4 protein chains.
Amino acid sequence: MSTTPRSRLRAQKTPLPHAAVQQDGTRRRILEEALQLFANEGFHGASIRTLAKAVGLQPSTLYSHFPSKEHVLAELARVGHEAHHEALREALLSAGPGPVEQVRALVRAHTLQHATHPQLAVVVNEELYALAPELAAPALAQREKSSALLVEAISRGVALGVFTPPEVLVTAAAIATMGLRIPYWYEPSEALPIDRLADLHAELALRMLGVRLSP
Amino acid sequence: MSTTPRSRLRAQKTPLPHAAVQQDGTRRRILEEALQLFANEGFHGASIRTLAKAVGLQPSTLYSHFPSKEHVLAELARVGHEAHHEALREALLSAGPGPVEQVRALVRAHTLQHATHPQLAVVVNEELYALAPELAAPALAQREKSSALLVEAISRGVALGVFTPPEVLVTAAAIATMGLRIPYWYEPSEALPIDRLADLHAELALRMLGVRLSP
Amino acid sequence: MSTTPRSRLRAQKTPLPHAAVQQDGTRRRILEEALQLFANEGFHGASIRTLAKAVGLQPSTLYSHFPSKEHVLAELARVGHEAHHEALREALLSAGPGPVEQVRALVRAHTLQHATHPQLAVVVNEELYALAPELAAPALAQREKSSALLVEAISRGVALGVFTPPEVLVTAAAIATMGLRIPYWYEPSEALPIDRLADLHAELALRMLGVRLSP
Amino acid sequence: MSTTPRSRLRAQKTPLPHAAVQQDGTRRRILEEALQLFANEGFHGASIRTLAKAVGLQPSTLYSHFPSKEHVLAELARVGHEAHHEALREALLSAGPGPVEQVRALVRAHTLQHATHPQLAVVVNEELYALAPELAAPALAQREKSSALLVEAISRGVALGVFTPPEVLVTAAAIATMGLRIPYWYEPSEALPIDRLADLHAELALRMLGVRLSP
DNA sequence: AATGAATGAGCCTTCATTCAT
DNA sequence: CATGAATGAAGGCTCATTCAT
């Protein structure tokens, strides 16, 4: 009854993270367009034909670059998780040794990543289920490692008596979750620039952990 | 390369909320099975054939009960949003007049709803994009009203000087978001029963709002 | 439902006949692999990609050696029919002038050819229909000449009163047919070596023609 | 370079054997057209689209009647082998107890079957390789049983001293083979009607077995 | 000779849906 | 209400082939 081009996100087209930039020309263009399509219409909702048309190729040509539609998603998942993990790791490295600084750094990086690459965040978080287990595995492993970084920082803070969360894992989940929904409601604006959002999320995270910053 | 029955949720099959129980037998069984399928495989990933088989009917028979596949999703969305909104309203009614009590009641109800009906939560939150605007509209309207309830409670607390969030809307989003991801990681257990999870989320919400409960 | 590598023949990989040996290296390797593939999976069932992989080349490279997939089959057909015809001609030359000796020589050669080159026999006999008429024509012409050799030998035997078949053409067809099915059931063994099979078929042929050898 | 509608057989369209006549209307028409197509262009050379068009249906409609293209072939194989086996069995039943009569009856039935249903014979003999093993299995089992009938009759004749073949199995193979190639060269004519062909093949078979009928 | 990207037609099959029964 | 045959569009993917390098 209705031919509906509906879109899941408010975000405009955003570039791939640096991790994927080095890829060869056509392959990269395929990834870029697939990112938009999978983000907006879902993996199952986007067709190879639509993707090919978006890239300006014949459907069959896609198979010179990826062995299947699933592999395109798998590559996006790999790129997305890698970029995310790298961002967290760098944040941790440039933060001081204190748990407060570290959590702040982690949350800021997490937030910035999701606000800067909303489509990638959505695809990586919502469409992974469409992947065969063996193709999803690498991404899931990296995801585990990323969330461990936060849990460890929190645990150290608890051990040091700096953090007093009501329960560590539930609180860690709550903190990580704040970032995940960003693509669905947030749009950068002068009133709320990305960097300010990152600060706010860090502040909220620390509040959940029982840290009182301003009296 | 892979024949993969992959599932998005850890949750087992859960019943429809009371709001949908009154529906006629077959129609209700269709909704129940559609709920499982849309939750696990996505709206586009689940086919009318699969749904029919799950219900024990021929595909064509579904059209005696719903005018289209989209309408099945729309009905689930209606039911889900209605149940959710109703839960929030009741929570608010049975809470006292204080903002702390009200936020606690709202967050608890929000959490309970998502933990008790994880499939419905997922379908309602992730699959609405597959609906034509006119079919999604009622659900989106109700969603607006629901989130307004929280924002209002927070705002009154701010006005009364009870709450001191760093920023009202971002904080409200963070609080609401805690609930939305529950289906993806939470499973009821003795160590963390649903009611305890609700308490924890309420506590975390109040912390974000600057309320110090235990000294 | 099934990913099935099925094979039509029991025969292992066999070499091309001498007639084709003189061909240049890569071109010959293409013919050799095509022979296996066309024999086992049929002309339409084997793809240029599979063939290229078997040879260790890219699909496009095949076109440096043959103008099309059909031409590969045509060349196999040519080689096969030529080798077959050559074998019959040589057999006839080294046989004495008597019809019995000649039929024996022809049948033996026919049998040996089919037992020694089962793949080629299958391709040449079963896959020719996949060729455009103009490409199939040379092979069909040679086939005509080959079967004429047998019919002539028989006819002379009849004229001389040595052979008393119930009907010349049907008997000739029956004799020729014995060889054609060899690839489907025969495997060389100590109990039934190729040469013995050839003798048996010759004996059977002569019996059909009414010749009583052993009293 | 060439769009070639080539045909493997000289035979015109022939009906399905009685065994398949009882099938429901559309399903049967699919089988009938598939028989022509698979016989003339091979299983891989015939497409679902071509088949659908020949039946006057949409391609998708075929899947209301058969779960896959392979299953259509499997059903033809079943029907063909069943009809063939049935013909042999009936021939044996109406023959007297003597080995000569029995071989004559078997060969006549075998020949009649192949001359009357040439396309079925071709499909059943040449296209079975395109079937997944589990789908081909029933047909292969029946084939085994059918050829056992001939071998048994011959063996009994040998035991009784009536037959003196040079070697039982090779002779049996030669006898059975005569029938298999009929579709490729035989066309019913006044000069050589089907029944006469059957007599000739029976005569040739008995000659191979060492039986001298007319002095 | 060989490559790899690209093509356009075509592959088998599944899709949501309709309709006569 | 329920069915089963039918539809027409679209699904992911493979086909043989071309061409610039």
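Only a predicted model underlies this, so the values are computations on that prediction, with no experimental measurement involved. Quick note on labels: first sequence line is chain A, next is B, and so on, each numbered from 1.
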(request) Starting from the 5' end of DNA chain E, give me the residue, H44(B) or T26(C), whose nearest nucleotide shows up first. (result) T26(C)

(request) Nearest-nucleotide wise, let me know which of S68(D) and R29(C) is further upstream toward the 5' end of DNA chain E. (result)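 The residue mapped nearer the 5' terminus is R29(C).
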
[Y] side chain reached by [X] side chain, heavy atoms, under 4.5 Å:
{"X": "P59(B)", "Y": "R49(B)", "result": "yes"}
{"X": "L62(D)", "Y": "L57(D)", "result": "yes"}
{"X": "K69(A)", "Y": "F38(A)", "result": "yes"}
{"X": "Y129(D)", "Y": "N40(C)", "result": "no"}

(request) Mind listing the closest non-hydrogen atom pair of S68(D) and Y63(D) along with its distance? (result) CA-CE2, 3.9 Å

(request) Provide the closest heavy-atom pair for A130(B) versus F43(B) in the form atom of the first, atom of the second, distance. (result)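 Smallest interatomic distance, heavy atoms only, reads CB-CD2, 3.4 Å.
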
Watson-Crick or G-U counterpart of [N], or none if no pair lies under 3.5 Å:
{"N": "dA20(E)", "result": "dT3(F)"}
{"N": "dG10(E)", "result": "dC13(F)"}
{"N": "dA1(E)", "result": "none"}

(request) Could you say whether F43(A) or G45(C) is positioned toward the 5' end of DNA chain F, judged by the nucleotide with the nearest heavy atom to each? (result) F43(A)

So what does [X] touch, heavy atoms closer than 4.0 Å: a base, only the sugar-phosphate, or nothing?
{"X": "I48(A)", "result": "sugar-phosphate"}
{"X": "A46(A)", "result": "sugar-phosphate"}
{"X": "S64(D)", "result": "base"}
{"X": "S47(A)", "result": "sugar-phosphate"}
{"X": "L62(A)", "result": "nothing"}

(message) Between T61(D) and dA5(F), is there a contact of a side-chain N or O with OP1 or OP2 at under 4.0 Å?
(response) no

(request) Please state whether the phosphate of dA2(E), meaning OP1 or OP2, lies under 4.0 angstrom from any side-chain nitrogen or oxygen of H65(C). (result)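 Yes.
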
Atom-pair distance ([atom1] on [X]; [atom2] on [N]), nearest Å:
{"X": "L51(D)", "N": "dT13(E)", "atom1": "CG", "atom2": "C1'", "result": "14 Å"}
{"X": "Y63(A)", "N": "dC11(E)", "atom1": "OH", "atom2": "C1'", "result": "12 Å"}
{"X": "K69(B)", "N": "dA10(F)", "atom1": "NZ", "atom2": "C1'", "result": "13 Å"}
{"X": "F66(B)", "N": "dC1(F)", "atom1": "CZ", "atom2": "C1'", "result": "15 Å"}
{"X": "R49(C)", "N": "dG10(E)", "atom1": "CZ", "atom2": "C1'", "result": "13 Å"}
{"X": "Q58(B)", "N": "dA20(E)", "atom1": "CD", "atom2": "C1'", "result": "16 Å"}
{"X": "R28(D)", "N": "dA5(F)", "atom1": "CZ", "atom2": "P", "result": "17 Å"}
{"X": "L57(A)", "N": "dC13(F)", "atom1": "CG", "atom2": "C1'", "result": "16 Å"}

(message) Let's see if you can work this out: which of dT7(F), dT17(E), dG8(E) has an atom nearest to the side-chain heavy atoms of S60(D)?
(response) dT7(F)

